[in-house]
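Structure, as structure tokens:
As the structure lists them, so they are numbered: ligands from 1, and atoms in each ligand from 1. Position 1 is the first residue of the sequence, and the numbers go up from there.
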Amino acid sequence: MSSKSHHKVIILGSGPAGLTAAIYTGRANLSPLLIHGPLPGGQLTTTTEVENFPGFPEGVMGPDLMQLMEKQAGRFGTSIQMDTISAADISKRPFTLTGSNAVYTCDALIIATGATPKLLGLPCERTLMGYGVSTCATCDGAFFRDRIIVVNGGGDSACEEANFLTRFGKKVYLVHRRDQLRASKIMQERVMKNPKIEIVWNSQIVDIKGSKEAGVSAITIKDTKTGQTRDLACDAVFIAIGHSPNSSLFKGQLRMDENGYIVPEPNSAKTDKPGVFVCGDVQDHVFRQAITAAGSGCMAAIECERWLESQE
Ligand code: NAP
């Protein structure tokens, strides 16, 4: 039978938002419990060097930065627990979270569950993930030096990744399903000016060919105007078609936008449920930076502390 425990504050998620909320609520003597899933540290653990986090003039490796944040949270009395939460009931207080190992209740909840890269939904994509298919150019780009690389998507992420990947690949195809990029003008210009990038317009990837042993050998693309398919030889495919917020636990319980991002009150981390706060990428589809996530984690913690005080 699973155990039960009660906490003043529970933080869900261990990326920069969750760990910053832990540092602040810990320093406020709230002894927070931080719960994370099987991949602690959030998206930064899948990047290599982070060059734009203030305080690290020489850059810092993503996993190292997360370890430092975890150590700092621990210093102020945060307990960290790995568990997969399958249900959340925030309809009444205390709030209840049901995990695989235990049932947790809390007076206040800080949601910092982040976002997950979207996939195309092709079976081959999952099989070849890590064997030539990737969602993270910074993590995996260096494996494809002097190779032919495909980036899929037409937004800022795809353009940024395509540009970045020209540092390694001898040729980068940017495959986009329409005849216009969604990316900002400046990103579009960088792509257009880069001699190593060729845009493949009106094209949807319908298959990725290869094996775990040999890696990726080609993609099959379907022309979205004519319906014709053809193969394009390549060694790697980077999927950059956006992110999905990890908010399904709270669907129907919290205000969300049409894409499932939790919507806090303006200039605040408060959700529409008193005692529930939100920070990081699960509420931010615009900036999606470690530093903005950390900043919103700080906001959530301060508002949480004030809210708890007002309840006493
Ligand atoms: P995004 O703007 O939502 O773009 C996603 C792209 O993927 C779109 O071009 C979309 O095509 C395509 N796409 C979506 N689903 C697809 C599917 N199933 N098959 C094929 N293509 C598909 O996502 P993002 O590029 O990750 O950017 C998200 C936010 O972060 C944006 O606000 C962006 O400005 C910001 N961001 C900023 C920077 C920066 O400023 N340095 C860098 C990265 C991201 P359609 O165009 O046809 O819809």
Side-chain angles (χ1 to χ4, degrees), residues 15-17 42-44 46-53 62 114-126 128-129 133-141 149-167 172-194 197-208 219-225 227 229-230 232 234 237-247 256-263 280-293 295-296:
Q43 292 180 67
L44 272 195
T46 61
T47 62
T48 48
E49 198 177 355
V50 180
E51 291 181 327
N52 52 9
F53 201 88
T116 305
K118 280 188 197 163
L119 294 176
L120 293 164
L122 307 170
C124 48
E125 182 182 40
R126 291 221 178 259
L128 294 172
M129 188 61 67
V133 177
S134 171
T135 54
C136 177
T138 35
C139 319
D140 299 326
I149 298 174
V150 163
V151 177
N152 189 208
D156 278 329
S157 295
C159 290
E160 195 170 74
E161 302 223 329
N163 265 314
F164 173 77
L165 286 164
T166 57
R167 291 189 201 178
V172 174
Y173 290 107
L174 180 63
V175 176
H176 181 39
R177 62 184 178 183
R178 291 188 297 130
D179 59 3
Q180 249 185 343
L181 295 173
R182 177 179 294 280
S184 54
K185 284 280 169 288
I186 186 161
M187 296 299 266
Q188 294 197 26
E189 267 171 32
R190 278 185 203 161
V191 163
M192 306 285 184
K193 279 187 190 157
N194 193 321
I197 300 178
E198 180 179 332
I199 305 181
V200 184
W201 299 106
N202 300 316
S203 297
Q204 182 76 39
I205 299 179
V206 291
D207 195 14
I208 303 171
I219 53 168
T220 305
I221 45 178
K222 184 177 175 183
D223 189 307
T224 52
K225 293 236 157 113
T229 57
R230 69 179 170 106
L232 182 66
C234 63
V237 183
F238 288 82
I239 316 281
I241 58 171
H243 288 74
S244 299
N246 301 324
S247 61
M256 292 181 191
D257 70 10
E258 67 279 10
N259 297 316
Y261 285 89
I262 298 174
V263 179
D281 283 10
V282 71
Q283 53 87 56
D284 171 20
H285 58 90
V286 179
F287 301 107
R288 299 179 28 246
Q289 300 297 303
I291 188 68
T292 47
S296 68

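The backbone N or O of Asp223 lies less than 3.5 Å from no partner atom in the side chain of Asn202, so there is not a single donor-acceptor pair.
The shortest distance between side-chain heavy atoms of Val133 and Ile239 falls below 4.5 Å. In this structure, the side chains of Thr135 and Met129 come closer than 4.5 Å at one or more pairs of heavy atoms. Looking at heavy atoms from C-beta onward, Val191 lies out of side-chain contact with Met187 at the 4.5 angstrom threshold. A heavy-atom distance below 4.5 Å is found between the side chains of Trp201 and Leu181.
Annotation for Arg178: atom CZ counts as buried by contact number, over 12 foreign heavy atoms lying within 6.0 Å.
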At less than 3.5 Å, what protein N or O atoms come close to the N or O atoms of ligand 1? Include the distances to 0.1 Å.
| residue | atom | partner | partner atom | Å |
| --- | --- | --- | --- | --- |
| ligand 1 | 9 (O) | Gly154 | N | 3.0 |
| ligand 1 | 9 (O) | Gly155 | N | 3.3 |
| ligand 1 | 11 (O) | Arg177 | NE | 3.2 |
| ligand 1 | 11 (O) | Arg177 | NH2 | 3.4 |
| ligand 1 | 19 (N) | Gln204 | NE2 | 3.0 |
| ligand 1 | 25 (O) | Asp156 | N | 3.2 |
| ligand 1 | 25 (O) | Ser157 | N | 2.9 |
| ligand 1 | 25 (O) | Ser157 | OG | 3.2 |
| ligand 1 | 26 (O) | Ser157 | OG | 2.5 |
| ligand 1 | 30 (O) | Arg288 | NH1 | 2.7 |
| ligand 1 | 32 (O) | His285 | O | 3.4 |
| ligand 1 | 34 (O) | Asp156 | OD2 | 2.5 |
| ligand 1 | 41 (N) | Glu160 | OE2 | 2.8 |
| ligand 1 | 46 (O) | Arg178 | NE | 3.4 |
| ligand 1 | 46 (O) | Arg178 | NH2 | 2.8 |
| ligand 1 | 46 (O) | Arg182 | NE | 2.9 |
| ligand 1 | 46 (O) | Arg182 | NH2 | 3.4 |
| ligand 1 | 47 (O) | Arg177 | NE | 2.9 |
| ligand 1 | 47 (O) | Arg178 | NE | 2.7 |
| ligand 1 | 48 (O) | Arg177 | NH2 | 3.1 |
| ligand 1 | 48 (O) | Arg182 | NE | 3.3 |
| ligand 1 | 48 (O) | Arg182 | NH2 | 2.6 |

